[in-house]
Undergrad: 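Before we start, here is the structure in question, set down as structure tokens.
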Amino acid sequence: QVQLVESGGGLVQAGASLRLSCAASGFPFSQFAMGWFRQAPGKEREFIAAIKWGGDSTKYSDSVNGRFTISKDDAAETVYLEMNALEPEDTSVYYCARDRQRRRSETPTRSRDFNLWGQGTQVTVSS
């Protein structure tokens, strides 16, 4: 079954760290770029981070650059989002997503570049 399953969300205090995981199945994981997005209530879905299929390029939004790190483990077919120095503004539902194109030459960042989404995991940061 082709799917993405996120885990690792939770309730933390400002300044804390969390690591989100996204387990993939049903497709050749190593051949696809992966991304993380988030969406807070009443707001549009926001790009957070992406990693190129080969793992040799990453991109981040300005809001998380320097605090969050995306990585992938092809053997485990899992993509991670390490989140440090969390702020209340980071409170949101976090989604992982798979590129719609296999072996894309650039690192995708637009929501429409992705066509497979997980169910989301809630991250809540208290002040």
Side-chain angles (χ1 to χ4, degrees):
Q1 183 177 2
V2 177
Q3 64 178 1
L4 300 171
V5 179
E6 301 98 334
S7 61
L11 171 62
V12 298
Q13 291 189 330
S17 299
L18 274 178
R19 188 176 80 156
L20 305 183
S21 300
C22 173
S25 60
F27 64 92
F29 178 81
S30 64
Q31 298 184 28
F32 288 87
M34 300 294 295
W36 285 95
F37 292 75
R38 66 186 182 189
Q39 187 168 21
K43 295 187 176 181
E44 294 187 355
R45 185 162 52 192
E46 174 190 12
F47 166 78
I48 294 300
I51 185 166
K52 191 177 173 183
W53 68 272
D56 55 336
S57 173
T58 56
K59 290 192 176 180
Y60 299 92
S61 67
D62 290 342
S63 60
V64 307
N65 194 27
R67 299 188 298 125
F68 291 11
T69 302
I70 186 172
S71 61
K72 66 195 297 271
D73 183 337
D74 288 342
E77 295 189 318
T78 301
V79 60
Y80 303 98
L81 185 68
E82 185 74 36
M83 306 186 294
N84 299 313
L86 283 162
E87 304 167 350
E89 293 74 21
D90 296 317
T91 296
S92 192
V93 177
Y94 284 71
Y95 299 91
C96 70
R98 187 202 72 182
D99 192 356
R100 66 172 58 248
Q101 181 177 328
R102 189 180 302 212
R103 295 186 175 182
R104 188 189 297 265
S105 59
E106 66 275 8
T107 307
T109 61
R110 301 171 301 181
S111 179
R112 63 177 182 269
D113 291 332
F114 298 84
N115 68 345
L116 178 65
W117 298 81
Q119 82 290 349
T121 186
Q122 176 71 45
V123 172
T124 303
V125 184
S126 63
S127 57

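Only a predicted model underlies this, so the values are computations on that prediction, with no experimental measurement involved.
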Undergrad: Taking the side chain from Ser17 and the backbone from Glu82, do they hold a donor-acceptor pair closer than 3.5 Å?
TA: no

Undergrad: With side-chain contact (heavy atoms from CB on, under 4.5 Å) as the test, would you mind laying out the steps for Val123 and Met83 before giving the verdict?
TA: CA-CA 10 Å; Val123 172; Met83 306 186 294; 3.9 Å; yes

Undergrad: Atom CG in Asp90, atom CG in Asn84: separation rounded to 0.5 Å?
TA: 10.5 Å

Undergrad: Check Gly118 against Glu6 and note the closest heavy-atom contact, atom names and distance.
TA: CA-OE2, 3.2 Å

Undergrad: Say whether, by atom type as modelled, one donor and one acceptor occur between the side chain of Arg67 and the main chain of Ala85 under 3.5 angstrom.
TA: yes

Undergrad: Give the cluster check for Val125 versus Tyr60: same hydrophobic cluster or not, with ILVMFWY residues linked at side-chain heavy-atom distances below 4.5 Å.
TA: yes

Undergrad: Are Phe32 and Val2 linked, directly or through other ILVMFWY residues, by side chains that come within less than 4.5 angstrom of each other?
TA: yes

Undergrad: Quiz question: by atom type and distance under 3.5 Å, do the side chains of Glu46 and Ser92 form a donor-acceptor pair?
TA: no

Undergrad: Which atoms form the tightest heavy-atom contact between Glu106 and Lys52, and what is the distance?
TA: O-CG, 4.4 Å

Undergrad: Testing the basics here: between Leu18 and Gly10, what is the closest heavy-atom pair and its distance to 0.1 Å?
TA: CD1-N, 4.1 Å

Undergrad: Which heavy atom of Ala33 sits nearest to which heavy atom of Pro108, and what is that distance?
TA: CB-CD, 3.6 Å

Undergrad: Pick out which of Trp117, Tyr94, Tyr95 makes a ring pair (Phe, Tyr, Trp, His ring centres under 6.0 Å) with Phe37.
TA: Trp117

Undergrad: Show, in sequence, the C-alpha distance, side-chain angles and deciding distance for Arg38 and Ser61, and conclude whether the side-chain contact (heavy atoms from CB on, under 4.5 Å) test is met.
TA: CA-CA 11 Å; Arg38 66 186 182 189; Ser61 67; 5.7 Å; no

Undergrad: Could you walk me through whether Thr91 and Gln122 pass side-chain contact (heavy atoms from CB on, under 4.5 Å), step by step?
TA: CA-CA 8 Å; Thr91 296; Gln122 176 71 45; 4.0 Å; yes

Undergrad: When rounded to the nearest 0.5 angstrom, what distance separates CG in Asn115 from CD in Gln101?
TA: 10.5 Å

Undergrad: Is the side chain of Arg100 donor-acceptor paired with the backbone N or O of Arg112 at a distance under 3.5 Å, no angle test?
TA: yes

Undergrad: Between CD1 of Ile48 and OG1 of Thr109, what distance do you get to the nearest 0.5 Å?
TA: 12.0 Å

Undergrad: Would Leu4 and Phe47 show up in the same hydrophobic cluster when neighbours are defined by side-chain heavy atoms closer than 4.5 Å?
TA: no

Undergrad: Hydrophobic cluster membership, with links at side-chain heavy-atom distances under 4.5 Å among I/L/V/M/F/W/Y: are Trp36 and Val93 in one?
TA: no

Undergrad: To the nearest 0.5 Å, how far apart are NZ in Lys72 and OH in Tyr80?
TA: 11.5 Å

Undergrad: Using 0.5 Å steps for rounding, measure from the CZ atom of Arg102 to the OG atom of Ser30.
TA: 9.0 Å

Undergrad: According to a 4.5 Å side-chain heavy-atom criterion applied to Ile, Leu, Val, Met, Phe, Trp and Tyr, with indirect links allowed, do Met34 and Leu20 form part of one hydrophobic cluster?
TA: yes

Undergrad: Minimum heavy-atom separation for Phe29 and Asp73, please, with both atom names.
TA: CE2-O, 3.8 Å

Undergrad: Taking all non-hydrogen atoms of both residues, which atom of Ser71 and which atom of Val79 are closest, and how far apart?
TA: O-CG2, 3.2 Å

Undergrad: When rounded to the nearest 0.5 angstrom, what is the spacing between OG in Ser63 and CD in Glu87?
TA: 9.0 Å

